[in-house]
Undergrad: 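Following this message is one structure expressed as structure tokens.
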Amino acid sequence: MKKFFPLLCVLSIISAQSFSQAQSETDNNKPINPAYLNTSVKPTVDFYEYANGSWLSNNPIPPAYSRWGSWNVIINNNQDVLKQILEDASGNSSASKGSNVQKLGDLYYTAMDTVAIENAGMNPLKEDLARIDAIQSKEDLQKVFSYFKKYRSGGLFFLFSNQDDKNSDNVVLNIFQGGLGLPDRDYYFRDDERSKKLRDKYHEFMIKLLTLSGNDAMTASNIANKVYDIETRLAEASMKRVDMREAEATYHLMSLNDLKAISPNISWNILFAELGLDNSRFEKGINVAQPDFLKEVNRMVQDISLEDWKNYLKWNVINNAADILSSDFADADFDFYSRTLRGVEEQQPRWKESLKYVENAMGEPLGQLFIEKKFTPETKAKALEMVNNIKESFGERLKKNEWMSDATKQEALKKLANFTVKIGYTDKWKDFSGLNIDRTSFYNNMMNANAYGLKLNLDKIGKPVQRQEWGMFPQTVNAQYSQSKNDITFPAGIMQPPFYDPDADDAVNYGGIGAVIGHEMTHGFDDQGRKYDGDGNLKDWWTEEDAAKFKERADKLVAQYNSYVAIDSLHVNGELTLGENIADLGGAIVAYYALQKRLEGKEQPLIDGFTPEQRFFLSFAQVWRLNSRPESLRLQVNTDPHSPERFRVIGTVSNMEEFMEAFDGNPGDPMVNTGDNRVVIW
């Protein structure tokens with residue numbers, strides 16, 4: 001039900017875990033809380049510490065979490081609402097069979113029924129493992145592999161639909177590298193002691209699950225070694241995360257015959273038949289994101305013994321299912337993927353785990369019930385007004401841009417004008433009538449949900465693009481920009497304090513949700529988003545000179561973030577995080593100038609002793625207050641395209657002359673970049 005998924009072109013602003021706050025919700029949601037400040041530090045020396053220092057010192061991370069920050073106040077509040085919805089659904093005996101309420105209630109009931117899960121033990125796996133044991137030939141292997149792919153298991157690679165990057169009106173199949181149990185390819189090759197110990201822990205974890213599945217210790221160790229060898233070979237063939245950030249690097253549209261030509265040992269006909277995809281669905285092509293990876297998989301099909309492939313399949317089936325099995329499997333899964341990789345000390349309450357599974361399976365139907373309780377038309381109207389104000393601010397800055405030629409500037413303005421804005425929730429809900437959920441088995445419910453979710457995704461291949469479709473659930477505390485749709489999305493879940501407060505002054509809201517809105521808009525013009533036109537097509541609309549000027553500025557931002565030390569000797573990866581860093585900087589700037597237009601002609605009183613400009617920056621910084629465990633921080637730096645929160649704040653404000661003026665800074669202050677060191681792109 002996990003673990004590490006492909007880096008897609010839709011960029012979200014943050015990925016955060018939920019937690020319970022020790023302080024009162026009223027206190028945590030108070031805009032610009034002076035109690036969070038560390039006034040012993042000058043704002044232009046370390047603004048993150050100035051804005052959040054007292055909060056950081058007084059809020060240790062609870063044992064069940066790897067991260068603890070402001071974002072999760074709202075996540076926690078939303079979870080309480082969702083819990084009540086699911087408890088009501090679970091206890092609703094009058095819900096009609098086949099309705100979303102019945103399915104949500106039954107799925108939550110089976111997820112919460114730990115007695116039944118414990119009694120089942122590993123029995124849910126036995127049929128699948130027997131299916132693998134019965135394999136007698138490579139042809140049998142391909143059939144069984146295809147069967148598991150239907151349930152999003154089996155390893156090797158990911159399959160999903162997506163718009164054609166160069167013809168955004170078409171939806172095509174995408175094949176993306178995968179098959180690894182560790183977070184990233186580089187985890188298999190780093191030579192430092194911490195990485196070696198992590199690999200040892202992974203090996204112990206593999207042996208643990210394989211032993212629980214009925215193997216003796218020696219057999220389990222031998223299987224683990226063979227599987228690890230396969231994963232290492234897959235890792236060697238995998239592209240690096242930084243390389244995959246280049247839009248062109250993962251675009252290789254080819255015909256079905258071309259796909260078969262580069263991978264003749266893979267029985268695509270068997271796989272596609274199992275997935276319900278006939279050849280007519282591939283008339284617009286298939287995007288193979290990493291052809292060299294697929295060519296290596298093709299060689300491995302031939303090179304690796306049948307017995308080793310059977311063990312690889314078994315490992316993937318067991319590992320993918322471990323967290324939804326009995327506690328001996330789930331505890332082992334937690335011990336490696338949460339405790340070892342993220343530093344989490346104890347598991348979440350069962351209801352939060354169950355909520356996670358329901359969201360993974362039926363997040364949109366759950367969100368449909370959520371918005372009835374938590375979102376109003378008034379909020380949507382105010383949010384749209386703010387979006388329009390910030391969009392106007394972005395347009396004005398584009399027009400005044402001094403380093404961009406008129407020709408490129410006009411194309412940029414066209415793209416901005418073409419932005420579609422999605423706020424709150426979708427107008428067209430997905431149909432879950434074909435999903436079978438009952439109270440018989442939690443494992444079966446999750447397998448059915450996996451298969452149904454994949455079917456909904458793959459059914460879009462070869463059909464007209466549904467541009468109104470949402471890629472996020474209404475209850476999600478997040479936001480995103482889609483390059484292929486050229487749209488920005490702000491779910492109902494994020495339109496609450498501390499991001500947006502209808503009772504707060506404009507400075508707070510523009511520093512909070514306003515900077516988020518600007519962030520997502522700027523993604524359309526970051527180092528990868530800028531390569532897509534207003535219709536969502538990967539198309540070069542830049543003059544050569546303007547592209548060079550953009551790169552010159554972007555390279556400075558890379559160097560700036562490369563200089564930040566996240567933990568020990570581990571630096572932020574300025575190339576991996578470039579798109580998000582550009583979006584943070586551009587988002588804060590355009591939101592700031594949108595605020596200035598709102599303030600024109602109005603009284604600007606001090607609140608808590610701060611000017612509106614100061615409150616804007618404090619709001620921006622306090623939204624990002626976060627404590628992370630060392631393990632979680634290392635994982636973030638190694639795999640996440642977002643910089644650690646501290647550097648999202650100081651890296652942004654240090655480039656803004658407006659910040660220096662707001663807090664009476666001077667050239668030479670650590671938070672004040674000047675001259676060639678100051679980076680302003682948008």
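Bear in mind the structure is a predicted one, so any value in this text is a computation, not a measurement. We count residues from 1, following the sequence as given.
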Undergrad: So, do Arg634 and Val637 sit near enough that their side-chain heavy atoms are less than 4.5 Å apart?
TA: no
Undergrad: Would you mind reporting whether Tyr48 and Gln622 have side-chain heavy atoms less than 4.5 Å apart?
TA: no
Undergrad: Mind checking what makes side chain to side chain contact (heavy atoms under 4.5 Å, CB included) contact with Glu372, not counting sequence neighbours?
TA: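 Residues passing side chain to side chain contact (heavy atoms under 4.5 Å, CB included) with Glu372: Leu369.
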Undergrad: How about Arg350 and Thr114: do any of their side-chain heavy atoms sit closer than 4.5 Å?
TA: yes
Undergrad: Of all residues at least two apart in sequence or in a different chain, which pass the side-chain hydrogen bond (donor to acceptor under 3.5 Å, both in side chains) check with Asn52?
TA: none
Undergrad: Is it true that Ser161 and Asn457 share a donor-acceptor pair across their side chains at a distance under 3.5 Å?
TA: yes
Undergrad: Taking only residues two or more places apart in sequence, or in another chain, which ones meet Arg185 in a side-chain hydrogen bond (donor to acceptor under 3.5 Å, both in side chains)?
TA: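 Arg185 satisfies side-chain hydrogen bond (donor to acceptor under 3.5 Å, both in side chains) with no other residue.
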Undergrad: Just to verify, what does Thr340 make a side chain to side chain contact (heavy atoms under 4.5 Å, CB included) with, not counting sequence neighbours?
TA: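 For Thr340, the residues satisfying side chain to side chain contact (heavy atoms under 4.5 Å, CB included) (neighbours in sequence not counted) are Leu198, Lys201, Phe336.
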Undergrad: Looking at residues at least two apart in the chain, or sitting in another chain, which of them share a side-chain hydrogen bond (donor to acceptor under 3.5 Å, both in side chains) with Asn509?
TA: none
Undergrad: Measuring only between side-chain heavy atoms, which start at C-beta, is Arg152 closer than 4.5 Å to Leu159?
TA: no
Undergrad: So which pairs with a foot in residues 98-112 pass salt bridge (Lys or Arg N to Asp or Glu O under 4.0 Å), sequence neighbours left out?
TA: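 Found Asp106-Arg439.
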Undergrad: Filter on salt bridge (Lys or Arg N to Asp or Glu O under 4.0 Å), then keep only pairs touching residues 202-214, sequence neighbours left out; what's left?
TA: none
Undergrad: Please state whether the rings of His523 and His519 are parallel, tilted or perpendicular, taking 30° and 60° as the class boundaries.
TA: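 Ring orientation, 0 to 90° scale: perpendicular.
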Undergrad: Taking C-beta and beyond as the side chain, do Gln475 and Leu82 meet within less than 4.5 Å on heavy atoms?
TA: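 When only atoms from C-beta onward are counted, Leu82 and Gln475 do touch, with a gap below 4.5 Å.
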Undergrad: Do Phe148 and Ile132 have side chains that approach each other closer than 4.5 Å (heavy atoms only, starting at C-beta)?
TA: yes
Undergrad: Which pair of heavy atoms, one from Tyr481 and one from Glu520, lies closest together, and at what distance?
TA: N-OE1, 3.1 Å
Undergrad: Any donor-acceptor pair under 3.5 Å linking the side-chain atoms of Glu345 with those of Tyr65?
TA: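 Side chains of Tyr65 and Glu345: no pair found under 3.5 Å.
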Undergrad: So Phe157 and Phe145, ring pair (Phe, Tyr, Trp, His ring centres under 6.0 Å) or not? Walk me through it.
TA: CA-CA 11 Å; Phe157 48 75; Phe145 170 75; 5.6 Å; yes
Undergrad: Distance alone, cut at 3.5 Å: any donor-acceptor contact between the side chains of Asn92 and Gln102?
TA: no
Undergrad: Can you find a pair of side-chain heavy atoms, one from Leu86 and one from Leu366, that are under 4.5 Å apart?
TA: yes
Undergrad: Got a sec, which residues hit side chain to side chain contact (heavy atoms under 4.5 Å, CB included) with Thr379, two or more places apart in sequence or on another chain?
TA: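 For Thr379, the residues satisfying side chain to side chain contact (heavy atoms under 4.5 Å, CB included) (neighbours in sequence not counted) are Phe375, Thr376, Met495, Tyr500.
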Undergrad: With sequence neighbours excluded, what pairs up with Tyr187 under the ring-ring contact (aromatic ring centres under 6.0 Å, His included) test?
TA: none
Undergrad: Less than 6.0 angstrom separating the ring centers of Trp351 and Tyr109, yes or no?
TA: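 Judged by ring-centre distance (under 6.0 Å), Trp351 and Tyr109 do not meet the cut-off.
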Undergrad: Checking Asp335 now: which residues fulfil salt bridge (charged side-chain N to carboxylate O under 4.0 Å, His left out) with it, not counting sequence neighbours?
TA: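 Arg339.
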Undergrad: Excluding sequence neighbours, so at least two apart, what forms side chain to side chain contact (heavy atoms under 4.5 Å, CB included) with Asn448?
TA: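 Asn448 satisfies side chain to side chain contact (heavy atoms under 4.5 Å, CB included) with Leu435, Asn436 only.
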Undergrad: Are Asn445 and Thr110 linked by a side-chain donor-acceptor pair shorter than 3.5 Å?
TA: yes
Undergrad: Contact between Leu325 and Ile117 at the side-chain level, heavy atoms closer than 4.5 Å - yes or no?
TA: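 With C-beta onward as the side chain, the pair stays apart.
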Undergrad: Using the side-chain hydrogen bond (donor to acceptor under 3.5 Å, both in side chains) definition, which of the options Asn316, Asn320, Asn450 pairs with Ser153?
TA: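 That would be Asn320; it is the only one of Asn316, Asn320, Asn450 passing the side-chain hydrogen bond (donor to acceptor under 3.5 Å, both in side chains) with Ser153.
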Undergrad: I'd like to check the side-chain hydrogen bond (donor to acceptor under 3.5 Å, both in side chains) partners of Tyr188; sequence neighbours left out, ordered by chain and number.
TA: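 side-chain hydrogen bond (donor to acceptor under 3.5 Å, both in side chains) list for Tyr188, sorted by chain: Glu231.
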Undergrad: Please find out if less than 6.0 Å separates the ring center of Tyr357 from that of Phe442.
TA: yes
